[in-house]
Amino acid sequence: MRGAFVCVQPVSRLLGSPRAAQVARGLFPMNEHDTPFAELPVEEQLFRMRHSAAHVLAEAVLEMFPEAKYAIGPPVDNGFYYDFDLPRPLNPDDLVALEARMRVSVERNLPIRGEQIPKAQAREVFKDQPYKLELIEGITDDTVGYFRHGEFQDLCRGGHTETTGQLGAFALDRVAGAYWRGDEKNAMLQRVYGLLFPTAEALDAYRVTREEAEKRDHRRLGRELDLFHLDPISPGSPFFHPKGTVLYNELTEYMRSLYTEYGYSEVITPQVFSAELFKTSGHYQNFKDDMYMLEIDEQEFGLKPMNCPGHCALFRSGHYSYRDLPLRFAEFTRLHRNERSGVLHGMTRVRSFSQDDSHIYCTPDQVEHEIRSVFAMAKRIYEELGLGLPVIRLATRPEKYAGEIPDWDVAEQQLGDSVRSVGYEYTLAPGEGAFYGPKVEFHFRDAIGRSWQLGTLQIDVAMPTRFGLQYTGADGEDHTPHMLHRAILGSLERFIGVYVEHTAGHFPLWLAPVQAVVVPIADRHVEYAQQVRSMLREKGLRVEVDDSNERMGAKIRRAQLQRVPYMLVVGDREQEAEAAAVRDGTGADLGAIPVFQIIDRMVDERDSRAIYAGAPHEQA
RNA sequence: GCCGCUGUAGCUCAGUGGCAGAGCAGCUGUUUCGUAAACAGCAGGUCGUGGGUUCAAGUCCCACCGGCGGCUCCA
């Protein structure tokens with residue numbers, strides 16, 4: 001009955017919420033004020049407050065700019081937004097004025113009323129509003145939802161408070177650009193974002209949380225912890241400092257150790273390939289503009305933007321039988337993509353990166369087992385790194401695809417079944433698959449809640465055929481192998497970025513760039529401190545001595561701020577007892593411990609890859 | 001790539017057309033200290049880059065480059 005799905009929400013913002021299910025099922029009664037607002041579930045109340053606030057914002061904007069064209073304005077997970085086509089850009093002062101105008105509407109406590117009206121009537125009401133007219137034409141029903149309060153009227157499917165006085169605590173946050181209907185071929189509108197929470201306290205709490213999250217921003221911590229930096233001399237290409245390189249190498253070694261266990265074979269393929277390779281794979285046709293292309297001896301070459309074509313070329317160079325399969329090629333070499341300037345973001349979206357990448361070639365009846373093995377490996381790795389559960393998406397066949405539809409259908413089914421079989425849930429991302437096959441995506445959030453894809457598992461329904469890959473089956477005939485793509489950390493760069501924010505820089509001991517700092521109390525203890533350092537270094541522990549001309553308190557503070565897991569304080573008493581006074585990264589004083597026991601403890605903690613357990617002990 | 005904002009010392013920032021500043025970090029010296037910041041001094045700048053307006057530009061205008069927040073994209 002309700003076709004007027006006008007206040008469209010981006011799917012990503014709705015994932016998992018009960019409201020999402022309601023919206024999907026179209027369960028909105030038009031007579032939505034049957035149940036008193038105060039008796040609605042809290043989540044429904046908040047949704048309605050945010051939705052109504054969007055209307056009140058649009059009312060204020062139309063008052064400030066009578067010629068404004070308004071588009072859509074849904075609630076989102078921290079408030080609401082509304083998109084406008086305006087005669088000039090909005091500035092921060094405008095937001096102040098708009099917010100004040102919104103509060104007038106709240107003060108007036110106007111009733112918000114909705115009804116279904118015939119399309120013809122709606123066309124008349126919104127005759128000067130091209131975006132609304134376009135929306136009306138997209139609605140298949142004979143009637144559309146129409147809401148109003150005071151002088152303001154909007155095309156809307158509903159979900160509102162009873163009056164404008166029920167909005168809770170809100171504040172206009174920022175203005176940003178957004179394409180009409182999310183299509184970059186369309187006009188760029190101005191999107192005004194607002195924050196909205198049930199109470200002023202909740203709004204303040206949200207702001208405090210956001211400020212705290214900024215302290216964990218990997219771009220900030222990367223500098224403060226001396227891990228990496230980005231330089232305009234090569235935009236989007238990180239410089240890994242010595243400490244960041246330790247992280248990078250430890251993560252790589254961790255994956256290598258698992259490769260031995262899970263039967264992967266590491267390979268190294270070229271950085272530069274003839275364009276012919278990418279034409280065969282299909283990447284040239286799909287991504288040429290985002291590749292670094294070179295002309296050498298009048299021939300076209302390109303820096304590899306991914307490893308799959310190279311691995312297919314490697315497979316093709318060999319003569320494999322079914323007895324050799326599954327063949328799991330793994331590679332860590334660097335990849336380059338000329339990403340559009342606007343998408344670069346710290347370490348999480350870069351132009352130069354490395355993946356824990358692998359391509360698995362197998363027989364048809366091995367596919368299921370290989371998929372499960374990848375899931376098991378991913379689950380284990382995320383657990384061992386203390387990341388918790390990923391949000392999983394299943395991305396299906398896009399408009400531009402290679403291969404045959406029946407193969408796509410089978411592959412999508414296989415991936416979906418396998419996610420469920422390991423007890424994970426997923427959300428569907430229709431049309432978001434790779435051009436060569438459907439993909440499962442493993443997403444994790446950064447400090448301010450942005451979701452990033454780390455791992456992925458993809459079934460390739462195109463490349464083995466395009467490359468003419470063959471193996472000899474038990475029947476003596478040639479067969480085309482099945483092919484999986486997978487990465488678990490994803491790009492090392494993005495992983496490190498997200499992981500820095502997840503841990504706030506408190507890495508597990510095995511990843512900590514400096515695992516202990518020895519703090520001599522006075523100059524006369526420096527020599528002993530160096531002995532302690534030597535003893536730990538003999539066991540491969542990364543240890544420094546802070547022999548700077550500072551008081552002990554300052555050295556402790558510096559080590560704490562650098563997130564060093566252990567501080568080993570040595571003075572007369574410790575030197576006498578061949579011990580050190582141990583303080584851990586949480587700030588806890590573990591007392592004097594003999595050096596050999598400290599070594600045992602640290603080696604155990606390192607080799608077991610224990611995750612950092614302590615609550616971060618932060619100071620401003 | 002698009003919309004908006006932004007760029008002053010290593011970092012955080014002040015400087016609203018008239019002599020480029022502060023704190024922290026750094027360096028030097030003094031201090032030799034018991035669990036989150038000792039004290040003093042010194043040094044540090046083509047105000048992102050290039051044009052323009054002006055007697056005079058860090059400040060106003062234009063372009064480009066980088067960054068930030070979104071949008072789009074993400075093999």
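Given the structure is predicted, the values throughout are model-derived calculations rather than measurements. In what follows, every heavy atom counts, from backbone to side chain, and hydrogens, waters and symmetry copies are set aside. Note on naming: letters A, B, ... go to the chains in the order of the sequence lines (proteins, then strands), and numbering restarts at 1 for each one.
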Which of the following nucleotides, [options], is nearest to the side chain of [X]?
X	options	result
A:M188	B:G70, B:U31, B:U72	B:G70
A:A178	B:G1, B:C71, B:U35	B:C71
A:A554	B:U30, B:A38, B:C11	B:A38

Ring centers of A:Y82, A:F84 separated by less than 6.0 Å: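 Yes, the ring of A:Y82 comes within the 6.0 Å limit of the ring of A:F84, centre to centre.
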
Under 4.0 angstrom between A:R450 side-chain N/O and B:G70 OP1 or OP2: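 Indeed, a polar side-chain atom of A:R450 lies that close.
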
Contact under 4.0 Å: A:H345 side-chain N or O vs B:G69 OP1/OP2: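 Affirmative; the distance criterion is met.
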
Sugar-phosphate only, base, or nothing, as touched by A:N286 at under 4.0 Å among non-hydrogen atoms: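 No contact at all - A:N286 keeps every heavy atom at 4.0 Å or more from the nucleic acid.
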
Side-chain ion pair, A:R337 and A:D290, N-O less than 4.0 Å: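 No, this pair does not count.
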
Short N-O contact, A:R349 and A:E339, less than 4.0 angstrom: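 Answer for the salt bridge query: yes.
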
Whole-Å distance separating the CG atom of A:N338 from the C1' atom of B:C74: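 Going from CG in A:N338 over to C1' in B:C74 covers 13 Å.
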
Who pairs with B:U49 - Watson-Crick or G-U, where each distance is under 3.5 Å: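 Check on B:U49: paired to B:A63, both distances under 3.5 Å.
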
Complementary nucleotide for B:G41 - Watson-Crick or wobble, under 3.5 Å: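 Looking at the geometry, B:G41 pairs with B:C27.
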
Toward the 5' end of RNA chain B, by each residue's nearest nucleotide, A:M552 or A:H336: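 Closest to the 5' end, via its nearest nucleotide, is A:M552.
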
